[in-house]
2 protein chains.
Amino acid sequence: MSDTIEQKCLAKGAKLTDQRKIIAKVMSESTDHPDVDELYNRVSKIDSKISIATVYRTVKLLEESGIIERHDFKEGKSRYEPSAEEHHDHLIDIKTGEIIEFVDKEIEELQIKVANKLGYKLVDHKLELYGIKKKS
Amino acid sequence: MSDTIEQKCLAKGAKLTDQRKIIAKVMSESTDHPDVDELYNRVSKIDSKISIATVYRTVKLLEESGIIERHDFKEGKSRYEPSAEEHHDHLIDIKTGEIIEFVDKEIEELQIKVANKLGYKLVDHKLELYGIKKKS
DNA sequence: GTAGATGCAAAGTATTTGCGACAAG
DNA sequence: CTTGTCGCAAATACTTTGCATCTAC
């Protein structure tokens with residue numbers, strides 16, 4: 001797992017510092033969508049000397065390398081998650097803030113079709129559903 | 001047009017000040033998606049004494065009243081547009097920043113279906129397509 | 001040894017807020 | 001009158017950056 005990350009960093013000509021290894025490891029083990037502050041907390045538990053500036057610089061690096069993905073949900077800050085093999089979108093519970101990941105091929109295909117119809121080639125998209133849990 | 005906005009403000013128990021009238025009018029006449037700074041520029045041309053704090057307070061008020069909508073595209077700031085009768089989504093040209101509005105009923109329906117499948121009632125959603133113009 | 005990375009604190013953006021003055025209802 | 005609103009400047013939240021030091025390669 002971290003091998004891959006390290007290889008990707010090297011491929012970019014980036015130096016493999018301890019800080020980067022730690023941040024990459026913590027991110028790759030995250031199953032939620034931490035913001036920078038939360039990531040900084042987790043990383044600090046491993047090495048308390050890492051500065052938040054380095055965390056900011058590293059998430060930017062990892063994002064540009066396609067290793068993690070940034071999301072701007074309806075808050076004032078960015079959240080990150082490791083890039084998945086298969087693309088997915090998010091449903092956010094507006095009561096609890098819980099984030100559920102989902103995949104829907106039909107929607108994906110329709111998006112491409114819509115973009116085409118408008119004369120565009122789709123290169124990226126963002127789909128977020130906001131909902132409240134139904135009583136079961 | 002501005003009648004509606006004024007009525008809606010009054011219904012909320014909000015006072016109908018000159019500043020609000022001007023900001024609401026400028027927004028209702030906007031066909032693009034201005035950010036607060038741009039809105040402030042436009043408003044200042046009509047009344048140069050209006051402060052940017054008032055613009056921030058007013059867009060928040062108008063948004064909470066459902067009169068305008070906020071969007072967080074992939075920038076660090078919010079953009080606004082008057083609420084439309086019919087809901088629509090956006091396609092953003094990643095080269096030029098141009099924003100194209102579109103409607104696709106099929107996607108809308110699928111979203112509701114997906115949310116239901118996950119046990120949620122869909123109350124809101126955000127769909128943004130990012131693309132590059134195809135040579136015609 | 002050298003280019004690139006780090007830590008720190010200062011600087012930048014975007015946005016919010018406390019407060020005294022003011023105006024709408 | 002009274003309550004909400006305004007303008008101003010200070011404050012906040014998130015993120016970036018200049019610089020001297022340090023470290024991976």
Indicate yes or no for a side-chain donor-acceptor contact from A:Arg20 to the backbone of A:Thr58 under 3.5 Å, with no hydrogens or angles considered.
no
Whole angstrom is fine here: how far is it from CG in B:Asp18 over to C1' in D:dG4?
15 Å
Would you give a per-nucleotide map of nucleotides 16-22 of chain C, 5' to 3', where B means the base has a protein non-hydrogen atom under 4.0 Å away, S means only the sugar-phosphate does, and - means neither?
BBB----
When rounded to the nearest 0.5 angstrom, what is the spacing between NE2 in A:His33 and CZ in A:Arg70?
14.5 Å
In whole angstroms, the gap separating C1' of D:dA13 from NZ of A:Lys77 amounts to 9 Å
List in chain and number order the residues that pass side chain to side chain contact (heavy atoms under 4.5 Å, CB included) with A:Ser51, two or more places apart in sequence or in another chain; answer none if no residue qualifies.
A:Ala53, A:Thr54
Not counting sequence neighbours, which residues clear side-chain hydrogen bond (donor to acceptor under 3.5 Å, both in side chains) with B:Ser78? List them please.
B:Asp72
Side chain to side chain contact (heavy atoms under 4.5 Å, CB included) partners for B:Ile52, two or more places apart:
B:Val36, B:Asp37, B:Tyr40, B:Tyr56
Just verifying a value: how many Å separate B:Lys126 NZ and B:Gln111 CD, rounded to the nearest 0.5 Å?
12.5 Å
To the nearest 0.5 Å, atom NE2 of B:His71 lies from atom NZ of B:Lys77 at 15.5 Å
Listed once per pair and sorted, the salt bridge (charged side-chain N to carboxylate O under 4.0 Å, His left out) pairs that draw on residues 97-116 of chain A, sequence neighbours left out:
A:Glu98-A:Lys133
Sorted by chain and number, sequence neighbours left out, ring-ring contact (aromatic ring centres under 6.0 Å, His included) with B:His88 holds for B:His90
Verify same cluster id: B:Val123, A:Leu129 (apolar side-chain graph, 4.5 Å)
no
Based on the rotation axes of five pairs at each end, what angle does the helix from C:dG1-D:dC25 to C:dG25-D:dC1 bend through, to 10°?
40°
Contact list please: residues 35-51 of chain B against DNA chain D, heavy atoms, distance less than 4.0 Å, in numerical order.
B:Lys49, B:Ile50, B:Ser51
side-chain hydrogen bond (donor to acceptor under 3.5 Å, both in side chains) with B:Asn41: which residues, sequence neighbours excluded?
none
Output the rounded distance in Å from CG (B:Asp72) to C1' (C:dT13).
15 Å
All pairs passing salt bridge (charged side-chain N to carboxylate O under 4.0 Å, His left out) where residues 38-53 of chain B contributes a residue, at least two apart
B:Asp32-B:Arg42, B:Glu38-B:Arg42, B:Asp47-B:Lys49
Show every donor-acceptor pair shorter than 3.5 Å between a side-chain atom in residues 114-122 of chain B and any protein atom, with sequence neighbours excluded, or say none if there are none.
{"residue": "B:Asn116", "atom": "OD1", "partner": "A:Lys134", "partner atom": "NZ", "Å": "3.0"}
{"residue": "B:Asn116", "atom": "ND2", "partner": "B:Ile112", "partner atom": "O", "Å": "3.4"}
{"residue": "B:Tyr120", "atom": "OH", "partner": "A:Asp93", "partner atom": "OD2", "Å": "3.1"}

Under 3.5 Å, which protein N or O atoms sit close to an N or O of nucleotides 1-5 of chain C? Give each pair with its distance.
{"residue": "C:dA3", "atom": "N3", "partner": "A:Lys15", "partner atom": "NZ", "Å": "2.8"}
{"residue": "C:dA5", "atom": "OP1", "partner": "A:Arg20", "partner atom": "NH1", "Å": "2.9"}
{"residue": "C:dA5", "atom": "OP1", "partner": "A:Arg20", "partner atom": "NH2", "Å": "3.0"}
{"residue": "C:dA5", "atom": "O5'", "partner": "A:Arg20", "partner atom": "NH2", "Å": "3.3"}

